[in-house]
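Have a look at the structure below, then the notes.
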Amino acid sequence: MKNANHSDQPSFSIRVVKEATGLTERRIRYYETLHLLAPRRTQGNQRLYTQADIDRLKYIKSLLDHGVSLKEVRAQLQQEDLIAHDRDFDDVERDAESYFQGKLIARKAEIHRDSLYPLINRHEIMRRLVRDHTSGHEDTKGDQ
DNA sequence: CTTCTGACA
DNA sequence: TGTCAGAA
């Protein structure tokens, strides 16, 4: 069941996500409690997933299938989110350069210093998986 | 009928 | 993680 929202992205029910990722509903919801993703909700509290959520879950499954622990998956996703956030920051910085240049640069530096680099390239397997993922591959191996 | 939360094996 | 109950 694919729903097109007014001005938003297409959204999918948990059943569609389950079928698209090969994950069980149990696991999909469990990963949400771990803050690995945060789908929007309908007024009736039903989860609404985006294609990005589906890709993210496939990525998570891929890492788990390759023996990466949930803890490492969480750390890896956190780093990637920070990098993405950092890219957004570059855009914002460009647009608001004449206004908050100083503060934005300071904030970016803070992000880098605190947690952007330490975990990157920590594990060779992670590096390989990240490369495969960013080059557009999807793993569909089944697991428990 | 589908999905949600909480709880227990 | 699987599965079940009770509610929405």
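Reminder, nothing fancy here: chain letters follow the sequence lines and each chain counts from 1.
- Taking each heavy atom of Leu48(A) and Ser11(A) in turn, the nearest pair found is CD2-OG, 3.7 Å.
- Rounded to whole angstrom, the span from the CZ atom of Arg27(A) across to the P atom of dT3(C) amounts to 13 Å.
- With respect to the salt-bridge test (charged N to carboxylate O, under 4.0 angstrom), the residues Asp81(A) and Arg56(A) qualify.
- Side-chain N/O atoms of Arg29(A) and base N/O atoms of dT5(B) include no donor-acceptor pair closer than 3.5 Å.
- One atom, CD of Glu32(A), and another, C1' of dC4(B), lie 11 Å apart when rounded to the nearest Å.
- OP1 or OP2 of dT5(B) has not a single side-chain nitrogen or oxygen of Tyr30(A) nearer than 4.0 Å.
- Here the C1' atom of nucleotide dT2(B) and the OH atom of Tyr49(A) are 13 Å apart, to the nearest Å.
- Between Leu70(A) and Gln46(A), the residue whose closest nucleotide on DNA chain C is further toward the 5' end is Leu70(A).
- Atom P of nucleotide dT3(C) and atom CD of Glu25(A) are separated by 12 Å, given to the nearest angstrom.
- Of the charged side-chain nitrogens involved, at least one lies within less than 4.0 Å of a carboxylate oxygen, so that Arg47(A) and Glu32(A) count as a salt-bridged pair.
- One finds a side-chain N or O of Arg47(A) lying less than 4.0 angstrom from the OP1 or OP2 phosphate oxygen of dC4(B).
- In this structure, Arg15(A) places its CZ atom 16 Å from C1' of dC4(B), rounding to the nearest Å.
- Proximity of Asn45(A) to the phosphate of dT5(B): a side-chain N or O atom is located under 4.0 Å from OP1 or OP2.
- With hydrogens and angles ignored, a donor-acceptor pair closer than 3.5 Å exists between the side chain of Arg26(A) and the base of dT1(C).
- Phosphate proximity of dG2(C) to Thr24(A): present, with a side-chain N or O under 4.0 Å from OP1 or OP2.
- Separating the CG atom of Leu34(A) from the P atom of dT1(C) is a distance of 10 Å, rounded to the nearest angstrom.
- In this structure, the CD1 atom of Ile14(A) is 13 Å from the P atom of dT2(B), given to the nearest Å.
- Tyr31(A) and Arg27(A) share a side-chain donor-acceptor pair at under 3.5 Å.
- Looking at Gln76(A) and Glu72(A), their side chains never bring a donor and an acceptor atom within 3.5 Å of each other.
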